[in-house]
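What you see below is based on every heavy atom in this structure, not just the backbone, and it leaves out hydrogens, waters and symmetry mates. Proteins come first, then strands; the chains are lettered A, B, ... in the order of their sequence lines, and each starts at number 1.
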Amino acid sequence: MPPKRIAIKNHHSEILLIHRRTIFALGMMGILILILIARLFYLQIVKHDLYTTLSQKNWLDLAPVEPTRGLIYDRNGVLLAENVPVFSLDVIPYKVHNLPQMIAEIGKIIPLSDTDLNQFQKQFKEHRRFEEIPLKLKLSEKDLATFSENQYRFPGVIIKARLLRSYPYGKSLSHILGYVGRINAEELDEIDPVNYSASNYIGKLGIEKFYEDELHGKVGYQQVENDANGAATRVLNHIKTVPGENLYLTIDLNLQLAAEQALAGHRGAVVAIQPSTGQILAMVSAPSFDPNLFVAGISNKDYQTLQSSPDKPLYNRAIRGVYPFASTIKPYLALQGLSTGIANPEFKIFDPGWYDLPNSEHTFYCMHKHGSVNLNKAITCSCDTYFYDLAYKLGIDRMDAILKQFGFGDVTGVDINDELPGVVASPSWKRSVKGVPWFPGDTINSGIGQGFMQATPLQLASAVSTLANRGARFTPYFLYAEQQAGKPSVVQAPTPLPSVTLSNPKYWDIVITAMQNVVTSPLGTGYRFGKNLSYTAAAKTGTAQVYSKKHTGRDEENDHDQLNIAERLRDHRLFIAFAPVDHPQIAIGVITENSAMAVDVARKVMDYYLMPKPAGEKTP
Amino acid sequence: MSLVGILQQKIKQQDSRRQYHSLWQALHLDLFLLISIVLLLAYSLIILYSASNGDQHVVEMQIMHFVFAFIVLFVFAQISPTTYQRWSPWIYAVSVALLLVVLVVGHIGKGAQRWLNLGLLHLQPSEMLKLAIPMLLAWYFHRVYLPMSGRSLLIAVAIILVPTIITAKQPDLSTAILLVIAGGSVLIFAGLSFRLVTILAGLVMIFIPFLWPHLHEYQRLRVLTFLNPERDPLGSGYHIIQSKIAIGSGGFFGKGWLNGTQSHLHFLPEHTTDFIFAVCGEELGLVGSLILIALFMTVILRGFYIAINAQDTFTRLLAGSISLTFFMSFFINMGMVTGVLPVAGLPLPLVSYGGTSLVTIMASFGILMSIQTHRKLLTS
């Protein structure tokens, strides 16, 4: 029962009060509901377009897609550079709340090396906050499984499958192919930001750098639906990427490997060129390095090791090594002598073992007393006295002229970067570079390729192939053919250069015959090359002094002096050759630093290329 | 059958007809309110199905909650208002006592604890208080003169604040807010002086700077975020920004059921609970939102109808308070999701996924039905 009621009047006024208040509450509710509806109208009708845009920005993403980098093959279609799928752990910084803590947590389940962390820090500084930065490349199967289980703990960290450049032949081709590496801040300023918006790698050296545009391809796009974690849930639309072009190189991998093997254990370079086209068949610079180290980001330690090695494995001797011509200069000067009429095939000098420069106190020594020497014998025996005399008669200008015609003193224009031009010394060159005048003795020294004259192994090979062609010149090159995705490959035409012309074409044969004698005559300096040779070859040796032995003279055949000298002070040996003489298929330039092996290296390479191969092996 | 027996039966029938207009009244169910609730719940299931990404398990669980809540509603409807009135002080006392037990247990255990584990169910005393406070206040104002005196106002404020402060200590700020609303709504119907309210509001404004350091970090963030959601778009402002994007991008007709990108791609946080209205706004548009509001208002207005037709001060105050509280919790959630009010962590009553507050609300609707269907009994 209700408790005692007080008065009926009160009861009535209570009803009135409560009803009044109920009506008040209803009125308030009405106002609040109107506010709510007005708000909904504002959001859903007035600001609808704005919020639709914001909503689409949330879930629609136009993501650039990296084009697949073109593959690189040798001339026979052997794959030299490929793309291997790897899984990497990527971090999107802006989605991570506490980055150092997150990385520490990841480190507990997935081993992160110092290299990984350093690379990440470097990349972190160079990239924008919403870009994916790899924390660890090449996840193992186990890492992959471990992380997948724990992924929910790490928003903003994703597993990404990507293609990583790989060079199956490693150091055998690193001086040709170069390598790709992560785009650095400097390169970021130069590249097309649109085309590279999805790319992480760029060619840093060699073919990879020179043909970057061809190999890279064109960026594509995906319109993707993203969830709140930024993970693409499905692809709505694409604009396809244009994959990079596949490149076929003029390189013959087997020859390259044979040359590498022939040079094994030495410092030096071999360049082999097909004279009829200028195609580079092999180019070895030893020692070399593994380009795969650079792709994933080389560790500081590994890089220091490569950098500080006295053998300089990073140094591409084939195109950047400038060596004195030594006696390999002689055939060219002989050609100029004949062409200008200064030399005569029949003309003989008497070689007493030295040469006195007329009107001078200087005496130039020759290590042998060759006695009566004509042009043929001078080349065969590499008689210095003959060429001292010839140089004196030609003068430096005419010497330089013929060397320049053969392409010395300037880059060959080969299709990889950073080639050095070497030196064809002249009085004006000496004055501007060395700051001192040209002495008559400089001309005499240049006559035997000593002094200031310098050439790269590539120039040596290129010039000797011009000689093999009897004057026809081509730019040496690597790009055999390019192939756009889904299309037949297009073979590149050789690039002819102005030919070397002599006053009488028979002079070619005079010099070439002399060069044949180098390997066939028992007196020839390259006689070791010619032993049991089953094809014809023309060659010239050269010995570049590293350590000046005063007045001792030089002996290109006997190494007895050399063996007693510290290894690094021994002479460099050069060797240029082409074969067969009638229809040259290969021209070669070899240099071995502090080693007499150049002749043997050249023989092995030539044999490999010209000798019939056991069944099953590819022929060029 | 004897004539006497037939007569007796007839009299019995006549009796029952006089007492009950219908079978529904015999079951103490208000048909209008019942249908309104069923429609609202049905609509809520449509939204929840989409909000849960088509998760049938979630929908089945919610239906189970509904079934249990209807049983509670039915039981509460059978108890007569006089019984509620008689037991009001005891219900309040037991609720506050249990609240203290929870507080102590919570101190022993670690962190915030809001319920007592009774094995079969988790008893949440603060939920009981949503009903116990208005009941005790209605009981109190039924006994004293209205309009209220200053002394009775002080007593009423104490009745509200004691459990509210304990609840806020748990800490459960959102439930504490609802307790103040539940109690405050009784005061409004009981003739609380608006002049006094204005003065008190002024005093609260003055005291906010003193209160500020005592708030939890997340509570302070909520207020700051309300004032400027863009302050921290990926942190505490994220909820409200994404919610507004969801609703705004819905437009007039919405993106279509199950086609909301904001909820299905997980941009919208808590899209099955506190922010479920944003799913409705995104997928069903302004039209679907207005339908939802209309369904809510039908329930609320029926509650007011019951309050107006109630026959004594206790039931009038209780029915009015229940209806107004339901409206306020609906409005606070909608205001939060649309960015009119700060993020308070209150669910949308009957629509948000979850069983606890649902059961309390359905119990209160049971009381409303009891008030409506026991009317004739009182007059007879």
Problem - Residue, of A:Ile37, A:Leu26, A:Ile23, that accumulates the most heavy atom pairs under 4.5 Å with chain B - result: A:Leu26
Problem - Face-on cation placement of A:Arg21 at B:Phe141 ring, 6.0 Å and 45° thresholds - result: no
Practice task
Answer yes or no: are there more than 12 heavy-atom neighbours, outside A:Phe41 itself, under 6.0 Å from its atom CZ?
Solution key: no
Handout entry: side chain to side chain contact (heavy atoms under 4.5 Å, CB included) partners for A:Leu32, two or more places apart
Key = A:Ile35, B:Phe327, B:Met328, B:Phe331
Problem - Minimum-distance pair of heavy atoms, taken over all atoms of A:Arg39 and B:Thr338 - result: NE-O, 2.7 Å
Fill in the blank from the handout: So ring pair (Phe, Tyr, Trp, His ring centres under 6.0 Å) across residues 270-311 of chain B, not counting sequence neighbours, yields B:His239-B:Phe275, B:His266-B:His271, B:Phe296-B:Phe326, B:Phe296-B:Phe330
Problem - Min side-chain heavy-atom separation B:Ser249-A:Gln44 under 4.5 Å - result: no
Problem - Any A:Lys47 side-chain heavy atom under 4.5 Å of B:Lys244 side chain - result: no
Fill in the blank from the handout: Ranking A:Thr53, A:Thr52, A:Ile18, A:Leu50 by heavy-atom pairs under 4.5 Å to chain B gives rank one to A:Ile18
Problem - B:Trp257 atom CH2, over 12 foreign heavy atoms within 6.0 Å - result: yes
Problem - Residue part contacting chain A, namely of B:Leu286, when any heavy atom lies under 4.5 Å - result: both
Problem - Which atoms of B:Val144 approach chain A - backbone, side chain, both or neither, heavy atom under 4.5 Å - result: backbone
Fill in the blank from the handout: Honestly, the part of B:Leu192 sitting under 4.5 Å from a heavy atom of chain A is both
Handout entry: Min side-chain heavy-atom separation B:Leu324-A:Met29 under 4.5 Å
Key = yes
Fill in the blank from the handout: Note: B:Ile245 and A:Tyr51 closest approach over all heavy atoms is CA-CD2, 3.5 Å
Exercise for the section: Identify which of B:Gly251, B:Gly254, B:Gly250 forms the greatest number of heavy-atom pairs closer than 4.5 Å to chain A. Expected result: B:Gly251
Practice task
Return yes when atom CG of A:Asp189 has more than 12 non-hydrogen atoms of other residues, nucleotides or ligands closer than 6.0 Å, and no otherwise.
Solution key: yes
Problem - Interatomic distance, B:Leu268 atom CG to A:Ser55 atom OG [nearest 0.5 angstrom] - result: 10.5 Å
Exercise for the section: Might you work through the side-chain contact (heavy atoms from CB on, under 4.5 Å) test for A:Ile15 and B:Arg316, ending with a clear yes or no? Expected result: CA-CA 9 Å; A:Ile15 291 174; B:Arg316 253 175 237 133; 3.1 Å; yes
Exercise for the section: Under 4.5 Å, counting heavy-atom pairs only, tell me which of B:Ser323, B:Ala310, B:Pro269, B:Ser289 racks up the most with chain A. Expected result: B:Ser289
Completion exercise
Nearest heavy-atom contact between A:Leu17 and B:Ala190 is CD2-O, 3.7 Å
Problem - When A:Ile45, A:Leu54, A:Leu36, A:Asp49 are compared by non-hydrogen pairs under 4.5 Å with chain B, the top option - result: A:Leu36
